[in-house]
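Got a structure here, written out as structure tokens. Questions coming.
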Amino acid sequence: LARALSSRGHRVALFAAAWFAISALPVLFLVPELPADPTATPRRGIVGAYRDLFATIGSLWREDRTVVWFLVSSAVFRDGLAATFTFGAVLAHSVYGMSESTVLLFGVAANVVAALGAVIAGRFDDRIGPKPVIVTCLAGMLIAGTVLLFVRGEAMFWIFGLMLTVFVGPAQSSARSMLARMTVPGREGQMFGLYQTTGRAASFLGPALFGLFVWVFGTDRAGIGGIILFALDIWAIASVINSNAERSSKIIWTLVIAFLPVIGLIAWAAAGPRGNRSATAPTHTSVSSSRAVSGGSIASASGVYVPEITS
């Protein structure tokens, strides 16, 4: 402990932990908690929990496959967002020549910029829906990341690094907003539990792609290409989902692209199904993003709809 306290980096970590603990106290003691439901099913073991998990996924697949497709695609792009912050510090120091103290300052600035971006984009989320916000942010990250792949120097990293992070906050917040709009009332906990589970299942992709590109090309800068590849994979998955291909073909192509990002993207570019914007969408109830309609149906203005629940 004495050695940890003697290091500035360790002192910062301890201060952050104390700050987090103090900030959590109001939530622990002041936020009211809902009473337990006496009719709820008792807790189950690990096997029972996984049985319930797969049963929930099967139920979603039969009732509304739009949610399943969103969970899969969002797991991929959310891991790309996480990789941006995870490896940003590594690249800042090893590629763009930032000192350790400057990297810390950039980290603070990046989080502030991401938060401001989320606040500003929230206005557009309310007006046009979360899907256009997510697509715009991912496109912006792709452009900024591509520029970072070629520029040099600390100043360029500040400019285009912050430009990239301004899109991270809106993409994360609008992904949650989109799931909330797609969720049938009463199943919020279940849906957001699946949201976190699918995200964890795909969490190996970012580090794997970053490490693969660094290993193949022999330079840390090439790791940016792994993050850029995420955006291309997301575009490919979205194109597959919007295509007129058979359902089984969509499932196979989505899984191949998600879990074999390089090979899957090349195979899709050569022979994969493409999106069809003119395809007729199924008939659903469409309402504004801020309203619910009969039977608990919720829809976003972005064009992702949840069917009405009939009694």
Side-chain angles (χ1 to χ4, degrees), residues 7-13 15-16 19 74 76-122 124 133-175 199 202-235 261-262 265:
S7 169
R8 285 188 298 177
H10 289 145
R11 287 201 297 269
V12 170
F15 175 79
W19 183 274
S74 70
V76 177
F77 80 71
R78 284 184 287 125
D79 192 41
L81 300 179
T84 300
F85 278 100
T86 301
F87 298 106
V90 176
L91 295 170
H93 181 67
S94 64
V95 175
Y96 298 95
M98 279 189 174
S99 64
E100 293 182 4
S101 59
T102 306
V103 169
L104 290 175
L105 291 175
F106 179 84
V108 173
N111 279 278
V112 171
V113 167
L116 291 175
V119 172
I120 295 171
F124 295 96
V133 174
I134 294 172
V135 172
T136 301
C137 289
L138 294 178
M141 291 182 65
L142 178 61
I143 294 171
T146 302
V147 174
L148 280 172
L149 190 59
F150 299 100
V151 299
R152 297 180 181 277
E154 184 176 327
M156 290 292 100
F157 186 81
W158 271 100
I159 294 172
F160 291 101
L162 291 180
M163 187 183 298
L164 187 149
T165 56
V166 76
F167 296 111
V168 174
Q172 289 178 328
S173 60
S174 289
S203 62
F204 71 95
L205 291 174
L209 285 176
F210 186 89
L212 176 64
F213 274 65
V214 171
W215 175 69
V216 170
F217 296 99
T219 173
D220 288 350
R221 181 185 291 271
I224 301 175
I227 299 175
I228 294 175
L229 183 63
F230 264 108
L232 297 176
D233 284 333
I234 295 162
W235 170 54
V262 178
L265 184 64

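Along the sequence shown, residues are numbered consecutively beginning with 1.
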**Request:** Can you see which heavy atom on P170 is nearest to which on A114, and at what distance?
**Result:** CD-O, 4.1 Å
**Prompt:** Which class fits the ring pair F106 and F157: parallel under 30°, tilted 30 to 60°, perpendicular over 60°?
**Reply:** tilted
**Asked** Who passes side chain to side chain donor-acceptor pair (under 3.5 Å) against T146, sequence neighbours left out?
**Response** none
**Item:** Minimum heavy-atom distance W158-A109, with the two atoms named
**Value:** CZ3-CB, 4.0 Å
**Request:** Kindly compute the distance separating CD (Q172) from CD1 (I134), expressed to the nearest 0.5 Å.
**Result:** 11.0 Å
**Complete:** Heavy atoms of P207 and D79 approach each other most closely as CD-OD2, 4.4 Å
**Asked** Out of curiosity, L138 CG to L232 CG, how far, rounded to the nearest 0.5 Å?
**Response** 11.0 Å
**Asked** Of all heavy-atom pairs between S174 and V133, which one has the smallest distance, and what is that distance?
**Response** OG-CG1, 3.2 Å
**Prompt:** Hey, what do you get for CZ (F167) to CG (L162), rounding to the nearest 0.5 Å?
**Reply:** 12.0 Å
**Student check: side-chain heavy atoms of F150 and R221 closer than 4.5 Å** = no
**Item:** T102 side chain reached by Y96 side chain, heavy atoms, under 4.5 Å
**Value:** no
**Atom pair CG (N111) and CG (L116), whose distance is rounded to the nearest 0.5 Å** = 11.0 Å
**Complete:** Looking only at heavy atoms, the pair that brings A92 and V103 closest together is CB-CG2, 4.0 Å
**Request:** Take V168 and L164, measure what side-chain contact (heavy atoms from CB on, under 4.5 Å) needs, and give me the verdict at the end.
**Result:** CA-CA 7 Å; V168 174; L164 187 149; 4.3 Å; yes
**Asked** Just how far is it from atom CZ of F160 to atom CG of L149, taken to the nearest 0.5 Å?
**Response** 12.5 Å
